[in-house]
Amino acid sequence: NKKNIIINLKLINKLITKEKFMNSKLYKDHLSKLNNKLINDFDARISNDFEKDKIIYSNFWKNCTKENSNKKEIRGIIEITKKIFLQNYSANIYNKITNNRNKFIKIDELVSTANKIVPYLTPTKAELQRENKKFLKDKEGIETDQGLFLSSVLSNKLEGNHLCHSMLLPTELALEKEEEFTKTNKVQFDGASVEKFGKHVIVTLENGEYLNAEDERTLIPLEAAIDLALLDKNSDIAVLRGETVRHAKYKGLRTFGAGINLTHLYQGQISFLWYIKRDMGAVNKVFRGLASKYYGPEESLFPLQEKPWIATLDTFAIGGGCQYLLVMDHIIAEKGSYMTLPARKEGIIPGMANLRLWRFTGDRIARQAIQNGLTIHSDSTEGKLICDEIIEKGTMDEKLLKTIDAYTNSGVVGSASNRRAFRIGQEPLDTFRKYMSAYCHDQAYCHFSDALIKNLEHYWNAASRPVK
């Protein structure tokens with residue numbers, strides 16, 4: 001036994017030494033074209049002493065910010081060293097912030113607090129305030145650090161699943177409005193509303209000026225409306241739809257959703273964290289339900305608080321709108337409506353669509369939609385793989401009530417149990433966590449890429465649109 005222990009300790013030390021060497025080599029490989037004493041003299045080896053290493057790395061990042069040489073190259077060095085540091089210490093940082101996963105913290109507070117524990121690891125509030133005043137093309141990309149930190153946290157199973165749990169808890173805004181909703185059956189937010197009608201609740205996205213696109217204004221209100229729909233114990237089923245829009249081309253019509261507000265995106269009014277909060281919050285809550293702080297999101301004896309969801313596909317579901325369809329239990333689509341995921345024209349990853357769309361359409365159609373801009377018409381062969389009912393224009397409200405009656409008359413306990421059973425096979429939380437880890441990393445680079453700016457100017461004519 002003593003021999004085995006000695007052998008194992010030697011093996012562990014050998015692996016640690018190898019990892020230190022690989023970290024150092026990885027760093028040195030990035031310096032081959034740089035002639036900078038500060039950068040070339042930095043030793044990227046990890047000592048496995050967190051307090052010691054955080055001082056060394058923090059000081060290095062601080063000094064890097066003072067460099068006036070090629071900012072793009074300096075930025076690359078900062079990012080590679082943060083990846084080396086986080087690969088070793090992201091779990092430590094997360095556990096310090098959450099008191100060893102005994103405290104639930106939402107993403108905004110998490111990335112902000114991380115910088116207090118390890119200075120210069122993530123942007124400060126002051127830095128973000130300065131950055132938020134700029135158009136996207138003028139930003140320095142410091143929010144990428146948030147993506148690196150979240151990606152690394154989510155790559156750790158325990159810490160990553162705990163963060164997923166945190167983001168499935170009700171928002172403070174919903175809890176503030178819960179009593180009002182119970183008394184009046186309706187809450188009006190700025191950007192969304194929720195209203196109860198007997199046994200069903202309707203959540204409405206309200207951004208008609210932008211064809212029901214989603215942006216910073218709608219993010220938390222829509223999630224809070226979804227929370228209230230799920231918190232309500234006296235209703236059995238929930239509906240998601242978009243409001244009647246004011247655009248001349250679609251005047252008087254509803255649209256389900258136009259995806260991310262591309263005008264705001266170009267003008268720098270949408271943060272990187274917007275993507276992450278949306279998909280770990282509102283969208284994931286529709287898919288999984290609301291979690292409790294007392295037990296985990298996948299405890300068989302304590303299921304999440306969830307309901308079946310119906311979507312009314314009026315006119316179109318573009319980008320993020322289509323992403324919401326992929327977590328619905330039932331979709332009613334009017335004839336002539338369509339779905340698109342124009343990721344190629346935008347240059348970003350379409351949320352969780354890469355994880356979910358192929359389950360409906362198969363891999364080839366999913367790739368054509370995401371990578372080649374395929375428009376999926378609701379009444380096409382491909383569209384019918386996503387939509388449950390295709391109806392005549394002008395009959396949506398009538399059909400919606402009939403579908404709700406069909407669900408509630410047969411009892412929704414079975415519906416909630418069946419959606420939970422599907423989810424276990426299709427997308428357990430750990431699968432979602434792994435996807436989100438890659439998504440946080442890759443979307444951060446997409447968000448600040450030159451390609452995104454060019455695509456917005458070319459396909460969206462974003463440079464000519466007025467600032468509001």
Side-chain angles (χ1 to χ4, degrees), residues 12-13 15-16 19-20 22-23 44-62 78-125 143-172 272-273 276-277 279-281 284 288 291-299 302 304 428-441 444:
I12 290 168
N13 285 329
L15 289 171
I16 290 171
E19 185 179 345
K20 288 180 182 178
M22 292 303 291
N23 285 338
R45 284 178 293 184
I46 294 291
S47 71
N48 293 314
D49 181 334
F50 174 70
E51 294 301 327
K52 174 184 174 182
D53 287 340
K54 84 169 188 179
I55 293 170
I56 292 170
Y57 272 80
S58 290
N59 286 336
F60 175 70
W61 298 326
K62 178 182 178 181
I78 289 173
E79 288 170 8
I80 194 65
T81 52
K82 286 185 177 180
K83 289 180 182 184
I84 291 170
F85 183 83
L86 287 167
Q87 188 177 35
N88 291 273
Y89 291 127
S90 61
N92 300 53
I93 299 166
Y94 187 83
N95 285 315
K96 283 179 180 292
I97 295 171
T98 62
N99 188 24
N100 293 318
R101 304 184 304 282
N102 286 305
K103 183 180 178 183
F104 293 108
I105 293 181
K106 299 282 187 174
I107 279 176
D108 281 312
E109 184 181 352
L110 179 67
V111 296
S112 177
T113 308
N115 189 68
K116 296 175 183 176
I117 291 176
V118 184
Y120 299 94
L121 179 63
T122 55
T124 64
K125 289 181 180 178
E143 291 166 80
T144 303
D145 293 342
Q146 297 174 329
L148 301 184
F149 174 64
L150 291 172
S151 175
S152 190
V153 168
L154 287 160
S155 71
N156 303 305
K157 185 170 184 175
L158 284 175
E159 291 75 22
N161 282 333
H162 185 268
L163 178 56
C164 292
H165 185 173
S166 298
M167 295 303 289
L168 286 171
L169 296 172
T171 57
E172 289 183 11
F272 162 70
L273 288 184
I276 315 306
K277 290 188 287 186
D279 278 295
M280 293 190 75
N284 209 29
R288 298 178 192 279
S292 165
K293 62 183 179 181
Y294 299 111
Y295 42 82
E298 291 188 318
E299 296 284 346
F302 299 97
L304 295 180
L429 189 65
D430 207 48
T431 299
F432 174 79
R433 172 189 65 81
K434 290 175 183 176
Y435 182 99
M436 281 303 306
S437 176
Y439 180 70
C440 286
H441 176 276

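One is the number of the first residue; the rest follow in order along the sequence.
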Set out, in order, the CA-CA distance, both residues' side-chain angles and the distance that settles side-chain contact (heavy atoms from CB on, under 4.5 Å) for N115 and K125, then state yes or no.
CA-CA 10 Å; N115 189 68; K125 289 181 180 178; over 6 Å; no
Working for side-chain contact (heavy atoms from CB on, under 4.5 Å), residues M167 and F104:
CA-CA 9 Å; M167 295 303 289; F104 293 108; over 6 Å; no
Carefully, step by step, assess F432 and M280 under the rule side-chain contact (heavy atoms from CB on, under 4.5 Å).
CA-CA 9 Å; F432 174 79; M280 293 190 75; 4.1 Å; yes
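Judged by distance alone, with hydrogens and angles left aside, the side-chain atoms of S155 form a donor-acceptor pair with the main-chain N or O of S152 at under 3.5 Å. Between the side chain of N156 and the backbone N or O of L158 there is no donor-acceptor pair closer than 3.5 Å. Formation of a donor-acceptor pair under 3.5 Å by the Y439 side chain with backbone atoms of K434 is not found in this model. A donor-acceptor pair is defined here as one N or O able to donate and one able to accept, closer than 3.5 Å; no such pair exists between the side chain of S151 and the backbone of A438. The main-chain N or O of Y120 is found under 3.5 Å from a side-chain atom of K82 such that the two form a donor-acceptor pair.
Applying the side-chain contact (heavy atoms from CB on, under 4.5 Å) test to A291 and every residue at least two apart in sequence or in another chain returns H165, L168, L169, L304. Residues meeting the salt bridge (charged side-chain N to carboxylate O under 4.0 Å, His left out) test with D279, sequence neighbours left out: none.
A heavy-atom distance below 4.5 Å is not found between the side chains of I93 and K54. Side-chain contact between I97 and I105 is present, with heavy atoms from C-beta onward closer than 4.5 Å. Considering only heavy atoms from C-beta on, K62 stays 4.5 Å or farther from P119 through its side chain. Two residues are said to be in side-chain contact when any heavy atoms from C-beta on lie closer than 4.5 Å; C440 and M436 meet this criterion.
Note that CG of N100 and CD of E159 are 9.0 Å apart. Values are rounded to the nearest 0.5 Å. Considering CG of L163 and CG of L150, their distance stands at 6.5 Å, rounded to 0.5 Å. Atom CG of L148 is separated from atom OG of S90 by 11.0 Å, given to the nearest 0.5 angstrom. Here NZ of K116 is found 14.0 Å from CG of L121. Values are rounded to the nearest 0.5 Å. Between the CG atom of N92 and the CD1 atom of I117 there is a distance of 10.0 Å, given to the nearest 0.5 Å. Here the straight-line distance linking atom CG of L273 with atom CG of L110 works out to 9.5 Å at 0.5 Å rounding.
Minimum interatomic distance between I78 and W61 (heavy atoms only, all atoms of both residues): O-NE1, 3.9 Å. Here the closest non-hydrogen pair linking E79 and T144 is OE2-CG2, 3.8 Å. The shortest non-hydrogen separation linking S58 to V118 is OG-CG1, 3.5 Å. Contact record, N102 with N99: ND2-O, 3.0 Å, taken as the closest heavy-atom pair. The two residues L429 and C164 make their nearest non-hydrogen contact at CD1-CB, 3.9 Å. The minimum heavy-atom distance linking S166 with Y94 is given by the pair OG-OH, 4.2 Å.
Neither side chain, N48 nor N88, offers a donor N or O lying under 3.5 Å from an acceptor on the other. Looking at D53 and Y89, their side chains do bring a donor and an acceptor atom within 3.5 Å of each other.
F85 and F50 have tilted rings, their planes meeting at an angle from 30° to 60° on a 0 to 90° scale.
Heavy-atom neighbours of K106 NZ from other residues, nucleotides or ligands within 6.0 Å: above the threshold of 12.
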